[in-house]
Amino acid sequence: MGFIADALSRVKPSATIAVTNKAAELKRAGRDVIGLGAGEPDFDTPENIKEAAIRAIRDGKTKYTAVDGIPELKEAIVAKFARENNLAYKPAQVSVSGGGKQVLYNALMATLNPGDEVIVPAPYWVSYPEMVLLCGATPVIVEATAATGFKVTAEALEAAITPKTKWVIFNSPSNPTGAAYTRDEVKALTDVLVRHPHVWVMSDDMYEHLTYDGFVFTTPAEVEPALFDRTLTVNGVSKAYAMTGWRIGYGAGPEALIKAMAKVQSQSTSNPCSISQWAAVEALNGTQDFIPTNAAVFKERRDLVVSMLNQARGITCPTPEGAFYVFPSCAGTIGRTAPSGKVIGDDQGFVTELLESEGVAVVQGSAFGLGPHFRISYATSNAALEEACKRIQRFCGNLK
């Protein structure tokens, strides 16, 4: 259709949203479907945060705010970065948006020109390369396989950098794999970046608080202070605080970048929801006691899912360090025949047949840049996960 912008022809719709919608559609049609596609905690938002939002409504805090965040929230974010990440920012170096996705998009929109390159390690969150394409720039995909724990090596990063490289996107713990980089692994990458002063770092730390087995989280600007002035450190309240629908993300970086991002936001959405901002103040400043409690529940679910998937014929599932995803390989099922009579040709075929045959909705790994894998979100009840894994075992057992 000639009326639609050419830029959209380069962009694919979100595969994770597509799977969630398909599962919902089948449920409405009466099918018994277990949806493991959405990256969303099943916990409710803590009461103190909800009460802060109600208080804000009653106090009439329902007007426009400063475009990129109220001063109280910026101060809370500054305190969070100092307390948890040893990073010293000023409020003028902080931007608040309608979710972490908008922070990333604003930064890319504010900095990218046609011909610029952005290094995107794969497997990647589905939106990274698409946002780069929407901005008219080129995503340069650097593959990280199970052999390296789905983590990019210093050598692979070095090889991908060209004079056109503007950003490298770094996500730890990772969506979709749950892989998290140790301090030494982060340092190996930052050592490379120090040698390339034209490359900026976009660090997506959204799953910071969801790590297991004593893993210690670090972020690039903390590990290598020489990169502080060319790093945008991005986070939000969605995952750790179970506030996905509240839509508050934030980023901190050099003031000139933050101002440019505010200019983009001023002409797109203006301020994030005022009520959500006050709720986020309470999230960051209030009790943090529930975070390790929730993380312990996620760890138990991770262990359940990893154990059961590794008992499914043709599936191998590594144990991730963080987030609430596993990224198993379905290579052992390729070329085999499903109960429908169709031969499974790739991971897309695997997830399609699994949904049709057993009513389990997962996302194909190729949507994240690496097949033949699939992503499971274990942010749902133990009972649902156990039943889903039993169905996956049955499905794999029935392949001929």
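The figures that follow rest on heavy atoms only: side chains count, while hydrogens, waters and symmetry mates do not.
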Asker: Regarding Asp205 and Ser203, do their side chains bring together a donor and an acceptor under 3.5 Å, going by distance alone?
Answerer: yes

Asker: Tell me if a side-chain donor or acceptor on Asp347 pairs with a main-chain N or O of Gly365 at a distance below 3.5 Å.
Answerer: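 Yes, because the side chain of Asp347 sits within donor-acceptor range (under 3.5 Å) of the backbone of Gly365.
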
Asker: With the threshold set at 4.0 Å, does a side-chain nitrogen-carboxylate oxygen contact exist between Lys50 and Glu47?
Answerer: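 Yes, Lys50 and Glu47 are salt-bridged.
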
Asker: May I ask you to check whether His373 and Gln364 show a side-chain donor-acceptor distance below 3.5 Å?
Answerer: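 There is no such pair (donor and acceptor under 3.5 Å, judged by atom type) between the side chains of His373 and Gln364.
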
Asker: Look up atom CD in Glu72 and atom OG1 in Thr65, then write down how far apart they are to the nearest 0.5 Å.
Answerer: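 Those atoms lie 10.0 Å apart.
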
Asker: Through direct or indirect side-chain contacts below 4.5 angstrom among Ile, Leu, Val, Met, Phe, Trp and Tyr, which residues connect to Leu26?
Answerer: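 Joined to Leu26, directly or through intermediates: Val33, Leu355.
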
Asker: Tell me, with the steps shown, if Ser366 and Gln348 meet side chain to side chain donor-acceptor pair (under 3.5 Å).
Answerer: CA-CA 7 Å; Ser366 50; Gln348 171 76 67; 5.4 Å; no

Asker: Measuring only between side-chain heavy atoms, which start at C-beta, is Asp303 closer than 4.5 Å to Lys299?
Answerer: yes

Asker: Counting distance only, does the side-chain N/O of Gln93 pair as donor-acceptor with the main-chain N or O of Lys90 below 3.5 Å?
Answerer: yes

Asker: Examine Ile376 and Leu370 and state if one hydrophobic cluster contains both, with Ile, Leu, Val, Met, Phe, Trp and Tyr joined whenever side-chain heavy atoms are less than 4.5 Å apart.
Answerer: no

Asker: Identify the heavy atoms of Cys396 and Thr333 that sit nearest to each other, and give their distance.
Answerer: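 Heavy atoms of Cys396 and Thr333 come nearest at SG-CG2, 4.3 Å.
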
Asker: Could you walk me through whether Gln265 and Ser270 pass side chain to side chain donor-acceptor pair (under 3.5 Å), step by step?
Answerer: CA-CA 5 Å; Gln265 191 158 300; Ser270 290; over 6 Å; no

Asker: Taking atom CZ of Arg58 as the centre, report whether more than 12 heavy atoms of other residues, nucleotides or ligands fall under 6.0 Å from it.
Answerer: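 Check fails, neighbour count at 12 or below.
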
Asker: Do Leu157 and Val142 come close enough that some side-chain heavy atom pair is under 4.5 Å?
Answerer: no

Asker: Is it the case that the side chain of Ser276 and the backbone of Trp246 share a donor-acceptor pair, with hydrogens and angles ignored and the cut-off at 3.5 Å?
Answerer: yes

Asker: Hey, are Arg55 and Glu51 close enough for a salt bridge, meaning a charged N less than 4.0 Å from a carboxylate O?
Answerer: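 Looking at Arg55 and Glu51, the cut-off is not met.
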
Asker: Is a donor on one side and an acceptor on the other found under 3.5 Å between the side chain of Gln311 and the backbone of Ser307?
Answerer: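 At least one qualifying donor-acceptor pair exists.
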
Asker: Look up atom OG1 in Thr231 and atom CZ in Phe170, then write down how far apart they are to the nearest 0.5 Å.
Answerer: 10.5 Å

Asker: Answer yes if Tyr124 and Val126 sit in the same cluster of Ile, Leu, Val, Met, Phe, Trp and Tyr residues linked by side chain heavy atoms under 4.5 Å apart, and no otherwise.
Answerer: yes

Asker: Which of these passes side chain to side chain contact (heavy atoms under 4.5 Å, CB included) with Trp125: Met206, Glu130, Met131?
Answerer: Met131

Asker: Would you say Arg230 and Pro254 make side-chain contact, with heavy atoms under 4.5 Å?
Answerer: no

Asker: Side chains of Leu304 and Val306: closer than 4.5 Å at any heavy-atom pair?
Answerer: no

Asker: Give a yes or no on whether the backbone of Met308 and the side-chain of Gln393 come within a donor-acceptor separation of less than 3.5 Å.
Answerer: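 Judged by distance alone, yes, a pair lies under 3.5 Å.
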
Asker: If Ile, Leu, Val, Met, Phe, Trp and Tyr residues are connected whenever their side-chain heavy atoms lie under 4.5 Å apart, and connections chain through other members, are Ile315 and Val360 in the same group?
Answerer: yes

Asker: Minimum heavy-atom separation for Gly286 and Asn48, please, with both atom names.
Answerer: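 For Gly286 versus Asn48, the nearest heavy atoms are CA-ND2, 4.4 Å.
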
Asker: Would you say that Val118 contacts Ile169 through its side chain, given a criterion of any heavy-atom pair below 4.5 Å between the two side chains?
Answerer: yes

Asker: Would you confirm whether Glu224, through its side chain, and Ala226, through its main-chain N or O, come within 3.5 Å as a donor-acceptor pair?
Answerer: yes

Asker: Can you confirm whether the side chains of Glu356 and Ser340 place a donor and an acceptor under 3.5 Å from each other?
Answerer: no

Asker: Determine, for Asp204 against Lys101, whether the closest basic-nitrogen to carboxylate-oxygen distance falls under 4.0 angstrom.
Answerer: no

Asker: Scan side-chain atoms only and decide if His209 and Glu84 contain a donor-acceptor pair under the 3.5 Å cut-off.
Answerer: yes

Asker: Does the plane of the ring in Trp167 sit parallel, tilted or perpendicular to the ring in Trp200? Use 30° and 60° as the thresholds.
Answerer: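 Rings of Trp167 and Trp200: perpendicular, as their planes differ by over 60°.
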
Asker: Could you tell me whether a side-chain N or O of Tyr325 sits under 3.5 Å from a main-chain N or O of Ser174, the two making a donor and an acceptor?
Answerer: no

Asker: Taking the inter-plane angle between the rings of Phe298 and Phe324 on a 0 to 90° scale, is it parallel (under 30°), tilted (30 to 60°) or perpendicular (over 60°)?
Answerer: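 Geometry flag for Phe324 against Phe298: tilted rings.
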
Asker: Using a strict 4.0 Å threshold on nitrogen-to-oxygen distance, state whether Lys80 and Glu208 make a salt bridge.
Answerer: yes

Asker: Determine whether Asp68 and Met261 make a side-chain contact, defined as any pair of heavy atoms from C-beta on separated by less than 4.5 Å.
Answerer: no

Asker: Hey, mind stepping through Ile161 and Ile119 against side-chain contact (heavy atoms from CB on, under 4.5 Å) and telling me if it holds?
Answerer: CA-CA 8 Å; Ile161 293 172; Ile119 293 174; 3.6 Å; yes

Asker: Quick test of your reading of the model: are Lys166 and Glu117 salt-bridged, counting only N-O distances below 4.0 Å?
Answerer: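 Between Glu117 and Lys166 there is no salt bridge, as every charged N stays at least 4.0 Å from the carboxylate O atoms.
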
Asker: Run Ser238 and Met243 through side-chain contact (heavy atoms from CB on, under 4.5 Å) and show every step you take.
Answerer: CA-CA 4 Å; Ser238 297; Met243 292 175 69; 5.6 Å; no

Asker: Determine yes or no for a side-chain-to-main-chain donor-acceptor pair under 3.5 angstrom, with Arg375 supplying the side chain and Gly37 the backbone.
Answerer: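 Here the side-chain-to-backbone pair exists.
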
Asker: Are side-chain heavy atoms of Phe228 and Leu87 found at a separation under 4.5 Å?
Answerer: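 Yes, their side chains come closer than 4.5 Å.
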
Asker: Given the rule in the side-chain contact (heavy atoms from CB on, under 4.5 Å) test, do Asn175 and Phe368 qualify, once you have shown the distances and angles that lead to the verdict?
Answerer: CA-CA 9 Å; Asn175 174 6; Phe368 306 99; 4.3 Å; yes

Asker: Any donor-acceptor pair under 3.5 Å linking the side chain of Asn21 with the backbone of Ala23?
Answerer: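 Checked: no pair found.
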
Asker: Strictly below 4.0 Å, N to O, side chains only: are Asp191 and Lys187 in salt-bridge contact?
Answerer: yes

Asker: Going by heavy atoms in the side chains, are Thr319 and Val326 under 4.5 Å from each other?
Answerer: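 A side-chain contact is absent here, since even the closest heavy-atom pair is not under 4.5 Å.
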
Asker: To the nearest 0.5 Å, what is the distance between CG (Leu36) and CG (Leu385)?
Answerer: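 The CG atom of Leu36 sits 6.0 Å away from the CG atom of Leu385.
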
Asker: Do you know which two heavy atoms are closest between Gln288 and Pro292, and how far apart they sit?
Answerer: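 Scanning both residues, the minimum pair turns out to be O-CD, 3.4 Å.
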
Asker: Is there a donor-acceptor contact under 3.5 Å from the side chain of Gln277 to the main chain of Ile70?
Answerer: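 Present.
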
Asker: How would you list, by chain and number, every residue that makes a side chain to side chain contact (heavy atoms under 4.5 Å, CB included) with Lys151, sequence neighbours excluded?
Answerer: Ala179, Tyr181, Glu185, Glu321

Asker: Evaluate side-chain contact (heavy atoms from CB on, under 4.5 Å) for Phe290 paired with Tyr241, printing each intermediate quantity in order.
Answerer: CA-CA 9 Å; Phe290 58 88; Tyr241 300 92; 3.4 Å; yes

Asker: Provide the closest heavy-atom pair for Leu399 versus Ala338 in the form atom of the first, atom of the second, distance.
Answerer: CD2-CA, 3.6 Å

Asker: Can you see which heavy atom on Val67 is nearest to which on Pro272, and at what distance?
Answerer: O-CD, 3.5 Å

Asker: If you measure only the distance, is there a donor-acceptor pair under 3.5 Å linking the side chains of Thr219 and Asn85?
Answerer: no

Asker: Do Val168 and Phe150 share a hydrophobic cluster (ILVMFWY, side-chain heavy atoms under 4.5 Å, transitive)?
Answerer: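 No; Phe150 is not reachable from Val168 via cluster members.
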
Asker: If you count every heavy atom of other residues, nucleotides or ligands that lies below 6.0 Å from Asp6 atom CG, does the total exceed 12?
Answerer: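 No - once you tally the heavy atoms of other residues, nucleotides and ligands closer than 6.0 Å, there are 12 at most.
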
Asker: Which atom names give the shortest non-hydrogen contact between Asp116 and Asn113, and what distance separates them?
Answerer: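 It is OD2-N, 2.7 Å.
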
Asker: Using a strict cut-off of less than 4.0 Å between a Lys/Arg side-chain nitrogen and an Asp/Glu carboxylate oxygen, indicate whether Asp213 and Arg302 qualify as a salt bridge.
Answerer: yes

Asker: According to a 4.5 Å side-chain heavy-atom criterion applied to Ile, Leu, Val, Met, Phe, Trp and Tyr, with indirect links allowed, do Leu232 and Phe81 form part of one hydrophobic cluster?
Answerer: no

Asker: Less than 4.0 Å between a side-chain N and a carboxylate O, is that true for Lys27 and Asp32?
Answerer: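 No, this pair does not count.
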
